[in-house]
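Here is the structure we will look at, set down as structure tokens.
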Protein chains: 2
Amino acid sequence: MATIRDVANLARVSVSTVSLVLRQPHRVSPETRERVEKAVEELQYQLNGIARDLRVRKTDTIAILLHNLSGPFYSELIRGVEEAGDALGFTTLAAGCSKNHDQGSLRLLKEGRVDGAIVLDPTISSPVLLRYARKTLPIVVLDRGLSGELQSDFITAVGSDHESGGYLAGQHLLAQGYRRFALIAGPVNSEHSHLREMGFFRALQEGAVDVTTIPVIHSDFTEQGGIRAMNMLLDHEWTAEAVFSANDEMAIGALQVLEERHFAIPKDVAVMGFDDIRLARYVTPPLSTIRQPMYELGVAAMKQLHRAMEGKTRIPGEMLPVKLVPRASTQSRITKAGDESDVS
Amino acid sequence: MATIRDVANLARVSVSTVSLVLRQPHRVSPETRERVEKAVEELQYQLNGIARDLRVRKTDTIAILLHNLSGPFYSELIRGVEEAGDALGFTTLAAGCSKNHDQGSLRLLKEGRVDGAIVLDPTISSPVLLRYARKTLPIVVLDRGLSGELQSDFITAVGSDHESGGYLAGQHLLAQGYRRFALIAGPVNSEHSHLREMGFFRALQEGAVDVTTIPVIHSDFTEQGGIRAMNMLLDHEWTAEAVFSANDEMAIGALQVLEERHFAIPKDVAVMGFDDIRLARYVTPPLSTIRQPMYELGVAAMKQLHRAMEGKTRIPGEMLPVKLVPRASTQSRITKAGDESDVS
DNA sequence: AAGAAGCGTCGAAACGTTTCGATTCATAGG
DNA sequence: CCTATGAATCGAAACGTTTCGACGCTTCTT
């Protein structure tokens, strides 16, 4: 690879002049400029970005750290970050997390290869984040509790309002006339699941439902987990009319079990999920759920990051509202069928 | 940020000694080593990866370039690359492509920020790839024709066998007893679509079907496009018993149209897709399709890249086999219903 | 006509590492 | 006792840029 020095030699100017031509062309005379440009062309010179980054001490690059790159769930969010970052002049890198944190995405943070990061991966612990966050590398965490644990001038938070989501779900089911519930929760240590559950119960209590009798099964947010949980619920003094699952994946598992065991949905049992993954609209019956504004979350995260990178320091956490998406799986027995209004 | 020099000063040794402690600890005496380690700890020293990359002229990082990061379609593939790369000691970065190629992912290649790349984005033109590929930056293109256009010592190709996929689809439909077909193809300039179509026709011809009468509509690989295409087919002297769509997205669109217009599937019309996206299994009826080995493609790509990075030069292209995934949407009228064997 | 101002160009330092060869010192071999 | 060997450490150069201050020229101002 040709270096700037090669270009300088060929064009018979100094290295600094070549750099000037590249960065601030107006500052060099037309003749010299042309000579340099010709040399650049002839040598197929390409700037070495690494050398530049070293010299100017920034990379114009940010990273998104994901649990695994493969989850379709975050795709909209990533798109939000990308587009917003793009508009601001940043290159966005996504990196999954290898088992080996040292060569995985954390290397980007640790070794200062990016100017900022957005962290989605819940397996990256807060202490680790606290260690790496610094003035020159602010971090936005997505969807972690804006709790006390992460106090740092260089860490800010964006998330959606899980509690309200749960509340909306509860309200909706009540409005549809259901009075007896079961719950498929996420892992016991999942704050999201917990918040959704809290909101759900809050709604039910407002509706004068006795929440103490509601069976709760904790599972793992996967379709398989939903299947297991639903089976357990059904096998254990089943009386519910509606089941609320802390995410769509598990709800879809539950749907399968119910169908297999010949329950009519929503006639015998209503099912409600959370997240509004793409699949939700396509399963039979289409799954009612709570929609997280993934794209907007991405944009919000990028904006916060940008402000932090500009040096702003006490940026308040941001909580974005979620939205009820009613579909056939929770259609009331009261309401006439056929008024599903879900435009694709 | 503390630099290696700060550490050296604090530990009262030279910079080179600190570097030795970090890279080849056995070469320095236990006492010094300990002093240095203490200094590192005290200063919270973190290596500056950029400086290092500059010095050693490599980054141990590769990039995957995607059309947009958000497509769930490639997730398995990415996982394949990641895991394989991980095992080899590389950090994998994924980057979508911004409108502005200069600050988007191509910057990674152009400015030498990675040691290799895997390109999935069909919108990155071959000339561009030819320009950036070099000894120090080999590129693996995925799923482009292994055609003549991309002759370079530093570009290799991996893809799946689209033609055979089309052939399998045709064979399957014939075996199920269908004799009259319609085709929803991809964009006219899509080589994939073209190959799938060729294979499909080859099978039909072997089955003595007159392929010249088969209506073909070109669309854009999206669900909406599938809807439009299916409507056009139906509105135009419809006689087919089975429709083959060049990908699942369009097939799913077609499914919706058929249902809306009260065709029974597969009784009145069979539908077959291509790709086996996650959704395929969940739509009603479940969609028969051709499965591309996405994960394996990723692994194969990473392996090729690795060999290229080691200097190997004329690596032959690799074409991975695809697999028929029969589901209910093409169930024969002859076969008894109920023998669907699709274990999740 | 003398000084100021501006333009175009350049040399050198700096960014933070790694690594090569040199230097010092202690120990072993003869 | 002298030299060869090896270990521990170091200084300096190099990686490829950007940028600051300086220098020489021309042109303008008064």
Side-chain angles (χ1 to χ4, degrees), chain A residues 1-37 39-40 43-61 107-108 110-115 134-137, chain B residues 1-37 39-40 43-61 107-108 110-115 134-137:
Chain A
M1 289 288 283
T3 77
I4 200 174
R5 176 157 283 116
D6 300 326
V7 176
N9 290 340
L10 183 57
R12 327 198 110 262
V13 296
S14 77
V15 167
S16 25
T17 302
V18 178
S19 185
L20 275 195
V21 171
L22 264 30
R23 303 264 141 255
Q24 320 177 39
H26 64 272
R27 285 192 42 193
V28 21
S29 74
E31 308 87 56
T32 331
R33 192 192 315 163
E34 194 179 341
R35 226 169 49 240
V36 170
E37 278 162 356
V40 164
L43 294 173
Q44 294 255 50
Y45 168 72
Q46 291 284 8
L47 175 73
N48 181 321
I50 294 179
R52 180 164 128 106
D53 289 350
L54 177 61
R55 175 61 229 237
V56 305
R57 320 183 67 171
K58 68 190 181 106
T59 63
D60 288 322
T61 301
R107 195 165 71 107
L108 298 177
K110 193 163 54 175
E111 300 183 353
R113 287 188 158 77
V114 295
D115 293 346
R134 51 183 185 262
K135 180 113 169 282
T136 51
L137 176 63
Chain B
M1 289 291 283
T3 76
I4 200 175
R5 175 157 283 115
D6 300 326
V7 176
N9 289 341
L10 183 57
R12 325 198 112 264
V13 295
S14 78
V15 167
S16 26
T17 302
V18 177
S19 185
L20 275 196
V21 171
L22 265 29
R23 304 264 141 256
Q24 319 176 40
H26 63 273
R27 285 194 41 191
V28 23
S29 75
E31 308 87 58
T32 330
R33 192 190 315 161
E34 195 180 338
R35 227 168 50 240
V36 170
E37 277 162 356
V40 164
L43 293 173
Q44 294 254 50
Y45 168 72
Q46 291 285 8
L47 175 73
N48 181 320
I50 295 179
R52 180 162 126 107
D53 289 350
L54 178 60
R55 177 59 230 239
V56 306
R57 320 182 71 170
K58 67 189 182 107
T59 63
D60 289 322
T61 302
R107 197 166 69 105
L108 298 177
K110 193 164 50 178
E111 301 182 352
R113 285 188 160 75
V114 294
D115 293 346
R134 51 182 184 265
K135 179 110 170 283
T136 51
L137 176 64

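Note on naming: letters A, B, ... go to the chains in the order of the sequence lines (proteins, then strands), and numbering restarts at 1 for each one. In what follows, every heavy atom counts, from backbone to side chain, and hydrogens, waters and symmetry copies are set aside.
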Atom CZ of B/Arg5 and atom P of D/dC10: how far apart are they, to the nearest Å?
-> 13 Å
Interatomic distance, A/Leu22 CG vs D/dG16 P [rounded to whole Å] = 16 Å
Is a side-chain donor or acceptor of A/Arg35 paired with a backbone partner of A/Ala11 at a separation under 3.5 angstrom?
-> yes
Rounded to whole angstroms, how far apart are NZ on A/Lys58 and C1' on D/dT19?
-> 14 Å
Is any side-chain nitrogen or oxygen of B/Arg23 closer than 4.0 Å to OP1 or OP2 of C/dT18?
-> yes
Minimum heavy-atom separation for B/Lys110 to B/Arg134, with atom names?
-> O-NH2, 4.1 Å
Look at all strands and tell whether B/Gln46 reaches a base, only sugar-phosphate, or nothing, counting heavy atoms closer than 4.0 Å.
-> sugar-phosphate
Name every residue in residues 47-57 of chain B that has at least one heavy atom under 4.0 Å from any atom of DNA chain C, in order of residue number, or write none if there are no such residues.
-> B/Leu47, B/Asn48, B/Ala51, B/Arg52, B/Arg55, B/Val56
Considering all heavy atoms of both residues, which atom of A/Ile50 and which atom of B/Gly112 are nearest to each other, and what is their separation?
-> CD1-O, 3.4 Å
Heavy-atom closest pair (A/Thr3 atom, A/Asp6 atom, distance to 0.1 Å) is N-OD2, 2.8 Å
Taking atom types as modelled and ignoring hydrogens, do the side chains of B/Asp115 and B/Thr59 form a donor-acceptor contact shorter than 3.5 angstrom?
-> yes
Under 4.0 Å between a side-chain N or O of A/Ser19 and OP1 or OP2 of D/dT18?
-> yes
Minimum heavy-atom distance between A/Arg107 and B/Asp60, given as atom pair plus value = NH2-O, 3.2 Å
Judged by modelled atom types alone, do A/Ser14 and A/Thr17 share a side-chain donor-acceptor pair under 3.5 Å?
-> yes
Readout for nucleotides 4-10 of chain C: B = base within 4.0 Å of protein heavy atom, S = sugar-phosphate only, - = neither; 5' to 3' it is ----SBB
How far apart are the closest heavy atoms of B/Ala51 and B/Asn48, and which atoms are they?
-> N-OD1, 3.0 Å
Value in whole Å for how far the P atom of D/dT17 lies from CD of B/Glu111 = 10 Å
